[in-house]
**Student:** 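Mind looking over this structure? Questions follow.
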Amino acid sequence: MNSTPMRRLRLTWGGATDQGRIRANNQDAMYADSGLFVVADGMGGHQGGEVAANLAVRTLTNAERSDREQLREAVAEANRVVHQTALEEAELHGMGTTLTTLAVSQEANTHQFVILNVGDSRVYRHRDGQLEQLTEDHSYVAELVRRGELDDDAAQAHPYRNMLTRAIGVHAEVEIDEWLLEPVSGDRFMLCSDGLTNELADLEIAEQLRFDKDPSTTAKALVGLANERGGRDNSTVLIVDVQVEVIDPDEPPLSSGTSESQGRISSSPDEANTPIGDSENFSNQLEQKSNTKKRSWLSDRVHVKLGAVIISLVLLFSSAAMVTAIGLYARSSYHVGIVANHVVIQKGRIGGLLWFEPTLEHWTDIQTVQLAEQDRQRLANGEQMLDLDNAKTFVANLRSRLVKGVDGS
Ligand code: MN
């Protein structure tokens with residue numbers, strides 16, 4: 001037997017988002033899957049902020065993103081898409097969003113974390129009881145603090161504390177901050193929007209992260225605290241716990257640890273010995289242990305390379321099977337609804353499910369004022385569709401019975 005040690009990266013994550021106690025809607029967006037964690041905080045009148053945040057997240061999740069170059073290009077693409085949409089739609093002019101991302105990336109033959117950031121949403125790392133903000137805020141007051149012209153307390157109270165110096169979608173090009181990190185066991189990452197950090201001091205956040213409760217419970221507690229302190233903005237928290245295990249490939253596979261029923265998907269030593277380039281074979285073997293959906297996600301995200309070390313990547317959610325199932329259900333259909341006074345096709349269930357909010361699939365130029373009264377009422381609550389074709393047909397029919405011209409006259 002080949003006894004080269006294997007390193008396995010195991011991630012457990014959970015998140016929470018809330019519109020807070022003042023804002024009329026939630027313009028934050030959040031996304032978590034096998035190796036990509038994103039928080040976006042949209043801004044812009046009407047529902048521009050919501051559109052910008054969702055467009056950015058959707059562009060990112062649809063992109064190729066297995067290494068640093070691709071991830072960076074995906075963020076640049078998100079910027080172009082939001083910018084272009086803002087130019088094309090009068091009501092969305094000036095919309096933008098923050099975008100902060102923690103992703104697993106294939107670098108040489110190891111897996112690393114890549115952090116990409118634009119705006120003032122943040123990534124923190126909690127390690128050995130210490131909380132460290134890894135990203136830099138692209139805000140006017142943060143620039144002043146960095147230049148030593150303002151202290152932290154003055155920054156918290158500054159009237160321009162929400163003014164960003166960089167955001168996704170505002171200009172045709174955007175500068176993206178980037179960090180590359182080695183996965184370390186016990187690290188706990190937190191992605192959040194400023195709705196959390198404007199209400200809670202870092203010390204209070206650290207205290208919650210230190211309790212060692214599961215990510216989902218901790219995220220909910222933090223969002224709850226932000227609301228208790230005033231909830232003046234939407235707040236979003238996404239927590240990712242890191243475990244790195246070195247395993248002996250000569251051991252019989254997986255006699256210990258999480259049981260199959262909890263959604264464990266893993267590679268046995270034999271699978272890890274699959275030659276480079278034979279990922280098809282690798283994923284076929286995995287299929288025996290998991291359903292098709294999980295296999296597709298694994299074959300997307302898992303890479304096995306033979307080198308000095310054999311490394312395999314296993315990403316887990318606590319009760320992953322259940323959550324994956326809910327996520328697939330939540331995203332598996334389409335509905336037609338209204339965003340920023342326009343008819344849109346959204347992917348996902350009406351109202352979202354857990355934090356799997358619907359994402360914008362297709363924007364139309366049909367405005368609410370052009371709709372017949374009956375259609376307007378139907379769409380106010382969203383109209384569930386079987387699939388995308390169905391939704392497109394529905395929109396085409398809608399178009400045929402518009403009561404007013406495109407200019408709304
Ligand atoms: Mn905010």
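Side-chain atoms are counted along with the backbone in the values below, which use heavy atoms only and exclude waters and symmetry mates. We number each residue from 1, following the sequence as shown. Just follow the structure's listing: the first ligand is 1, and inside any ligand the first atom is 1.
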**Student:** Applying side chain to side chain contact (heavy atoms under 4.5 Å, CB included), name anything that partners R229, two or more places apart in sequence or on another chain.
**Tutor:** E199, L200, E204, L225
**Student:** Using the side chain to side chain donor-acceptor pair (under 3.5 Å) criterion, which residues pair with R166? Sequence neighbours excluded.
**Tutor:**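 R166 satisfies side chain to side chain donor-acceptor pair (under 3.5 Å) with H138, D177 once adjacent residues are dropped.
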**Student:** Using 2.8 Å as the cut-off, count the protein N, O or S atoms closer than that to the Mn ion (ligand 1).
**Tutor:** 3
**Student:** Please determine, by modelled atom types, if N227 and D18 share a side-chain donor-acceptor pair under 3.5 angstrom.
**Tutor:** yes
**Student:** Quick one: are S105 and L71 in side-chain contact, heavy atoms under 4.5 Å?
**Tutor:**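 Counting from C-beta outward, S105 and L71 do come under 4.5 Å.
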**Student:** Below 4.0 angstrom, N of the basic side chain to O of the carboxylate: do D365 and R399 qualify?
**Tutor:**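 Salt bridge present between D365 and R399.
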**Student:** Quick one: ring-ring contact (aromatic ring centres under 6.0 Å, His included) pairs with a partner in residues 181-218, sequence neighbours left out?
**Tutor:**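 Those involving residues 181-218 are F113-F189.
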